[in-house]
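FYI, side chains are in, hydrogens and waters are out, and symmetry mates aren't considered; it's all heavy atoms of this structure. Quick note on labels: first sequence line is chain A, next is B, and so on, each numbered from 1.
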2 protein chains.
Amino acid sequence: MGDVFKALADPTRRAILDELTDRDGQTLFEICTRLTMKHGSGSSRQAISQHLEVLESAGLVRTRREGRYKYHFIDTSPLRNIATRWPGNQ
Amino acid sequence: MGDVFKALADPTRRAILDELTDRDGQTLFEICTRLTMKHGSGSSRQAISQHLEVLESAGLVRTRREGRYKYHFIDTSPLRNIATRWPGNQ
DNA sequence: TTGACAGGCAAGTATTTACTTGCATAATTG
DNA sequence: CAATTATGCAAGTAAATACTTGCCTGTCAA
């Protein structure tokens with residue numbers, strides 16, 4: 001089980017979560033191309049793939065395989081602990 | 001200005017925030033000794049000092065100098081953005 | 001069934017980050 | 001004033017992390 005905080009530490013991974021928030025259930029290639037559209041300096045496919053592994057291991061992304069496609073879905077439930085760990089934050 | 005997410009990525013820094021939540025306004029040495037009490041393998045003074053710099057640069061810790069003492073106070077307001085950045089998280 | 005497409009694996013490189021080491025400064029205390 | 005206490009600074013080391021490179025497997029369509 002990965003660390004949610006460490007998963008959120010990288011700006012590329014946060015951009016991936018933004019992207020999935022905007023359009024849930026994308027494939028690896030869709031995420032790659034849409035990231036290069038928005039931010040000029042897009043990461044490589046392998047880099048994004050490894051970021052997705054980190055996000056999945058932290059429970060922030062769930063995946064479903066269909067044929068040769070693999071769809072990625074955001075899961076925000078692990079974020080709840082962050083909001084409640086240090087009080088005075090409502 | 002530092003990155004709030006990167007500041008939260010390190011477990012020692014999160015332990016410092018826990019410690020300040022438990023008892024706000026501690027000096028560097030108080031934080032060091034209380035961290036070594038709870039978790040056996042306490043970090044060195046310099047390590048904690050550098051962690052505090054990161055937390056302060058991220059806006060999670062504010063400081064007040066009085067004589068030779070420097071008091072550290074937690075500020076949870078930067079955490080609000082985290083809770084609201086990715087919806088479906090109330 | 002051949003080729004293109006989507007994705008996976010693993011080892012190596014490069015960059016970041018955490019920690020250490022040693023000395024310096026400033027405020028108190030005896 | 002000298003010694004101690006609390007902290008600061010900066011360069012170096014060690015460990016973690018992000019990224020690359022090259023090849024491999026499975027799926028589908030012509």
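Within the 3.5 Å criterion, the main-chain N or O of K6(B) finds a donor-acceptor partner in the side chain of R13(B). Checked by atom type and distance alone, the side chain of R23(B) never pairs as donor or acceptor with a backbone atom of I31(B) at under 3.5 Å. Side-chain atoms of T33(B) come within 3.5 Å of backbone N or O of F29(B) as a donor-acceptor pair. The backbone N or O of I74(A) sits less than 3.5 Å from a side-chain atom of D24(A), completing a donor-acceptor pair. Looking only at distances, a side-chain donor or acceptor of T21(B) sits under 3.5 Å from a matching main-chain atom of L17(B).
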- Could you check L8(B) against W86(A) for side chain to side chain contact (heavy atoms under 4.5 Å, CB included), going step by step and ending with a plain yes or no? CA-CA 12 Å; L8(B) 291 174; W86(A) 298 286; 3.9 Å; yes

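For D10(A) and dT15(C), the CG to P distance is 16 Å, given to the nearest whole Å. In this structure, CZ of R14(B) is placed 11 Å from P of dA18(C), rounded to the nearest angstrom. Between the NZ atom of K70(B) and the P atom of dT28(C) there is a distance of 16 Å, given to the nearest Å. Counting to the nearest Å, the C1' atom of dC19(C) and the CD1 atom of I48(B) are 11 Å from each other. A straight line from CZ of F29(A) to P of dA6(C) spans 6 Å, rounded to a whole angstrom.
The side chain of Q46(B) sits closest to dG22(C) out of dG22(C), dG8(C), dT29(C).
For the OP1/OP2 pair of dA18(C) and a distance below 4.0 Å, the side-chain nitrogens and oxygens of R13(B) include at least one atom meeting the criterion. Within the 4.0 Å cut-off from OP1 or OP2 of dT17(C), at least one side-chain nitrogen or oxygen of K6(B) is found. Here H51(B) does not reach the OP1 or OP2 of dT17(C): none of its side-chain N or O atoms lies under 4.0 Å away.
The outermost nucleotides of DNA chain D lying under 4.0 Å from heavy atoms of chain A, listed 5' to 3', are dT17(D) to dC28(D).
Residue R65(A) places no side-chain atom within donor-acceptor reach of the base of dG7(C), judged by atom type and a 3.5 Å distance cut-off alone. Not a single donor-acceptor pair, N or O on each side, falls under 3.5 Å between the base of dG8(C) and the side chain of R68(A).
Counting heavy atoms from C-beta on, the side chains of L60(B) and L79(B) come closer than 4.5 Å.
Each of Y69(A) and E53(A) has a nearest nucleotide on DNA chain C; the 5'-most of these lies closest to Y69(A). Judged by closest nucleotide on DNA chain D, T12(A) is the one of T12(A) and R45(A) placed further toward the 5' end. If Q50(A) and H72(B) are placed on DNA chain D by their nearest nucleotide, the residue sitting closer to the 5' end is H72(B).
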